[in-house]
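Only one structure is covered here, and it is reproduced in the block below.
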Number of protein chains: 2
Amino acid sequence: MTEGAQYRQAEAGKRYDVFHTDCPARNVVDHVTSRWGIWVLISLRSNDLRFYELRESIHGISEKMLSQTLRALVQDGLVWREVEQTTPPQVTYGLTGFGRDIGEPLTELFDRITRQLPPYNAA
Amino acid sequence: MTEGAQYRQAEAGKRYDVFHTDCPARNVVDHVTSRWGIWVLISLRSNDLRFYELRESIHGISEKMLSQTLRALVQDGLVWREVEQTTPPQVTYGLTGFGRDIGEPLTELFDRITRQLPPYNAA
DNA sequence: CGGCATCCTCGATGATACTG
DNA sequence: CAGTATCATCGAGGATGCCG
């Protein structure tokens, strides 16, 4: 998202600070709802995972996109990253408290969508 | 999203049908988390809105993207569309029950993000 | 007012190859 | 194993103009 800001909503007295362009939350929203961010967060909800585990878990993601997405989420404080300086090196990722907090409504969102829709009918 | 599917997760016995490529829920997820879908849904949470009201509400969106986003959400059954054949014509949009259902965790997501972050500090 | 249709740009993404 | 660097592409998204 670039400029988008719901000034109207903001003026209306709602608490949607997110709608402001310069709000840091804006970036987090972008990252969370980004193409791969969602799946990374959901993948990490059940277990901490290594880099290659994430790559295999999230079918279709490239290494570039994975590391890029992870970097953003780590910066946002949603994901932690732990490096074990062995040979070969091991890097593990997991959700922070914040990440876990965010993951809840995210999961709820998916649950509600799947619950509403016919299981596997006409696409 | 194209191929992405968390086969691991699916195999793990979770109910993430969303991770399958051919699941219709997949499209809904894409639309909801799309660049503009989120803001449309949240904008409509408080009131039904006309086309131009949405355009002005969601700062930065182009007419093309707005109508495109709306079309997708209407097709998904998240948003209804009402045309009044007057001159000039009036078209109003609002959330369906499904849309309202989805809007909840979505709003919760934003609330949690904004709650966690410093109001307006360093971006 | 509420849209499509068209053209065009740019950034996100993917593929490939190379490092610590 | 866990990345980074580089290059190529592809499509979302923006700008503009027209129509009912």
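Below, all heavy atoms of this structure are taken into account, side chains as well, without hydrogens, waters or symmetry copies. Every chain is numbered from 1, with letters handed out A, B, ... down the list of sequences.
- Straight-line distance from the CD1 atom of Ile61(A) to the P atom of dA12(C): 15 Å, rounded to whole Å.
- Within the helix from dC1(C)-dG20(D) to dG20(C)-dC1(D), the inter-axis angle between the opening and closing five-pair segments is 50°, rounded to 10°.
- Closest of all the heavy-atom pairs between Phe98(A) and Gly77(A) is CB-O, 3.6 Å.
- Atom-to-atom, CG of Leu49(B) to P of dG3(C) comes out at 13 Å; the value is rounded to the nearest Å.
- Taking all atoms of both residues into account, the shortest heavy-atom contact from Ile102(B) to Leu41(B) is CG2-CD1, 4.5 Å.
- Taking the six-membered ring for Trp and the full ring otherwise, Trp39(A) and Phe110(A) have centroids separated by under 6.0 Å.
- In this structure, the CZ atom of Arg50(A) is 13 Å from the C1' atom of dG3(D), given to the nearest Å.
- Ion pairing between a basic and an acidic side chain is recognised when a charged N comes within 4.0 Å of a carboxylate O; Arg100(A) and Glu104(A) show no such pairing.
- Here dA12(C) presents its P atom at 12 Å from CG of Asn27(A), a figure rounded to the nearest Å.
- Regarding contacts with the backbone of dT4(D), a side-chain N or O of Ser67(A) is found under 4.0 angstrom from either OP1 or OP2.
- When all heavy atoms of Thr86(B) and Pro88(B) are compared, the closest pair comes out as OG1-O, 2.7 Å.
- Each of dA2(D), dC4(C), dC1(C) was ranked by its minimum atom distance to the side chain of Arg71(B); first place goes to dC4(C).
- For Glu53(A) and dG3(D), the CD to C1' distance is 16 Å, given to the nearest whole Å.
- Nucleic acid contact for Arg55(B): none, since no nucleic acid atom lies under 4.0 Å from a heavy atom of the residue.
- Taking atom CD on Glu84(A) and atom C1' on dA2(D), their separation rounds to 13 Å, with Å as the unit.
- Note: CD (Glu63(B)) to P (dC7(C)) measures 19 Å, nearest angstrom.
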Checking side chain to side chain contact (heavy atoms under 4.5 Å, CB included) for the pair Val79(A)/Thr96(A): CA distance, chi angles, key distance, verdict? CA-CA 5 Å; Val79(A) 171; Thr96(A) 63; 5.6 Å; no
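- What you find for Tyr93(A) and Arg81(A) is that their closest heavy atoms are OH-NH1, 3.2 Å.
- Residue Tyr93(A) places at least one side-chain N or O under 4.0 Å from the OP1 or OP2 atom of dG3(D).
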Report each atom pair, protein N/O against N/O of nucleotides 6-13 of chain D, whose distance is under 3.5 angstrom.
residue : atom : partner  : partner atom : Å
dG13(D) : N7   : Lys64(B) : NZ           : 3.0
dG13(D) : O6   : Lys64(B) : NZ           : 3.4

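- In this structure, Leu95(B) and Trp80(B) approach most closely via the heavy-atom pair O-NE1, 3.2 Å.
- Distance CG (Asp30(A)) to C1' (dA12(C)): 13 Å, rounded to an integer number of Å.
- Closest approach of Pro105(B) and Arg112(A) over heavy atoms only: CD-NH1, 3.8 Å.
- A close approach under 4.0 Å does not occur between any side-chain nitrogen or oxygen of Arg81(B) and OP1 or OP2 of dG2(C).
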